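Here the structure comes first, spelled out in structure tokens, and everything after it is commentary.
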Amino acid sequence: MKKINSPTETTSKLDRKTIEKNRRIHMKGLCFKLASLVPSRHSKETLTQQDQLALAASYITHLRERVEKLKARKEQAMKEHHLPSSTSRGSNKRRNDDVFDHTTRPIGSLSTKLPMIELKDLGCGIELVLISGLQKNFMLYEVISVFEEEGAEVVSASFSVVDDKIFHTLHAQVKLSRVGVETSRVWQRLQDLIY
């Protein structure tokens, strides 16, 4: 004898199937988005979804290690920044007029050079280190606008306040690698904005 399902049981099964179908579609979309965020040397169409997830996991691990190394470098630089100039600075080959002593009193010419801009062309990207005083005459969004107007996309921006100075760090990537970004023009526009 065959059991006949009631309409509520049939509806319940259809609801579960629909929910599962929507969940799978959602997960597939999330996996695709994750794979698109990971730079890869391989064609992403040839990789299975499991391979793409493994690649994303290894990339995240790589980024974590890189962040830890950069934090350690930053802490080391901050420690060196606060050491008196007579201690072992021979390996760094810094001049004494570019160093601050522990009392945050500027030594030499650095006091007249605030704000300071250091712009590095990394090929497919640009790194900006900007040191300013607390009484700065620019807004960070204006600096970001300069990058974007010159064809670079800011991918990370951070700042830290140490005593009476603000250290801004921006990393940007070139939007169109064929065109690139003219760093001398970015430099000039930042000079005009900040000074």
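Computed from a predicted model, the values in this text were never measured in an experiment. No hydrogens, no waters, no symmetry mates; every other heavy atom, side chains included, goes into these values.
- Using modelled atom types, one side-chain atom of E142 and one backbone atom of M139 make a donor-acceptor pair closer than 3.5 Å.
- Under 3.5 Å, the side chains of D15 and T18 contain no donor-acceptor pair of N or O atoms.
- With a 4.5 Å cut-off on side-chain heavy atoms, T169 and H171 count as touching.
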H168 vs S132, side-chain contact (heavy atoms from CB on, under 4.5 Å): CA-CA, chis, key distance, verdict = CA-CA 8 Å; H168 301 274; S132 67; 3.9 Å; yes
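- Closest approach of I166 and G133 over heavy atoms only: CD1-O, 3.9 Å.
- By the side chain to side chain donor-acceptor pair (under 3.5 Å) test, Q188 pairs with D192, sequence neighbours left out.
- Considering every non-hydrogen atom in both D121 and G125, the closest pair reads OD1-O, 3.6 Å.
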Indicate every side-chain donor-acceptor pair of residues 67-75 with a distance under 3.5 Å to a residue at least two apart or in another chain.
none

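- The closest side-chain heavy-atom distance from I144 to E148 is below 4.5 Å.
- For the side-chain contact (heavy atoms from CB on, under 4.5 Å) with F167, the qualifying choice from V161, L130, I131 is I131, the only one to do so.
- The side-chain contact (heavy atoms from CB on, under 4.5 Å) with I126 is formed by just one residue from the set V174, V154, T183; it is T183.
- Taking a cutoff of 4.0 Å between a charged side-chain nitrogen and a carboxylate oxygen, R24 and E20 qualify as a salt bridge.
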